[in-house]
Amino acid sequence: MSFVMNAWYAACWSDEVKQGEMFHRTLLDEEIVLYRNAAGQPVALRDRCPHRFVPLHMGRLRGDVIECGYHGLQFDCSGACVKNPHGDGKIPAAAKVKSYPVVERHTLLWVWMGEPSAADPSLIPDYSLLDNKDGFVTSRGYIVMNAGYELMGENLLDLSHVAYLHEGLLGTPGMASALPELREEGPRRLWVDRWMPNVEVPKVFDMLFRQDGNPVDAWQNMRFDAPSNFLVDAGVHAPGESRERGAGYFGIHILTPQTNGTTHYHFAAARPQGQALDAQTAEQLSQLRRFVFEEQDKPIVDAQQAAIGDADFWSLKPVLLAIDAGPVRMRRMLERMRKDEAAQRQGEACRV
Ligand code: FES
Ligand SMILES: [Fe+2]
């Protein structure tokens, strides 16, 4: 499987990259080193010295410059070699490290893995609700899934699984039968909405709502920004009531391929403006979500990947159900993006 390259991918929470330190991570099968220049701006370079391929993060940061730990070549923020301490000090033309466009936004560092001239920051998905400082964001986490990002994307675009995998916590049996409503918005965005009237209240919403265990009308509206960024608006209100009189939260789910079969998964929850939680409920919500992702979604999706192995997904002839409309649309969207990129690369190669 190839990846969609011309896209912004979340590399890490932005506070993980501290002044004076190097942070390294594999994104889309490429080793990347991140650090901050003297002005505090993030820098992303290929984590591999062009001399003998030693990871640069094993070297030293000298101001804005990385010095390779093996033979001391130095590289600046653009990846250019600025010092060869050996012999006449001449710098070979090939002594260059790939650099990546990187933008700090919505408390994350976003790296553009494809053609640098196409890196338009306006394509970074809107997670401005993470910027709020007054208790709006209630939890934040990160795990590595031992599964490709498409499997995890399917999990998020088919939330009928809450009725089974997260029964009692995020879902109840009555929530299984709701069918998804799909809406595409431009070439990179898809909405998958589910409406579940008069269902037993799951624990998470009972906690946030009336704490009386009575039935509710529930919604899950998922926004998908291809290739791998998700935001769900989920909540409940009393049957027949208006949404303003209900309660809910936004679930932020941001996936970045690490390799073909593993995925960085950043998640957070945020309450609507003006509805900050008390500290105890916020902590409970945070713990519940972490449990659900780490102990319920992760084992299932990891096991799915292990069962599929390297096989092409469609070659296995998966059974298709009505609930798969979102996942199938996502797979088609990604396929189209990969094909478009391949055609573009081929076109460019022909022109050369
Ligand atoms: S491996 Fe980096 S300078 Fe030799
Ligand atoms: Fe789940």
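In listed order, ligands and their atoms are each counted from 1. Values in this document were obtained by computation on a predicted structure and should not be read as measured data.
Each of the atoms 1 (S) of ligand 1 lies under 4.0 Å from some heavy atom of Y70. Near R52, the atoms of ligand 1 lying under 4.0 angstrom from a non-hydrogen atom of the residue are 1 (S).
Among the backbone and side-chain atoms of C49, no N/O/S atom is found under 2.8 Å from atom 4 (Fe) of ligand 1. At a cut-off of 2.8 Å, C68 is not counted among the residues with an N, O or S atom near atom 4 (Fe) of ligand 1.
Using a 4.0 Å cut-off between charged nitrogen and carboxylate oxygen, E67 and K83 do not count as a salt-bridge pair. Here R338 pairs with E150 in a salt bridge; the nearest charged N to carboxylate O distance falls below 4.0 Å. With salt bridges taken as basic N to acidic carboxylate O contacts below 4.0 Å, one links R189 and D225. At a threshold of 4.0 Å, the pair E184-R332 does not count as salt-bridged, since none of the basic side-chain nitrogens sits closer than that to a carboxylate oxygen.
The six-membered or imidazole ring of F267 lies away from that of H253, with a centre-to-centre distance of 6.0 Å or more.
Atom ND1 is the N, O or S atom of H51 at the shortest distance from atom 4 (Fe) of ligand 1. Here the N, O or S atom of H71 that is nearest to atom 4 (Fe) of ligand 1 is ND1. For H161, the N, O or S atom with the smallest separation from the Fe ion (ligand 2) is NE2. Residue H166 approaches the Fe ion (ligand 2) most closely through its N/O/S atom NE2.
Under the 30°/60° scheme for interplanar angles, the aromatic rings of W219 and H237 are found to be tilted.
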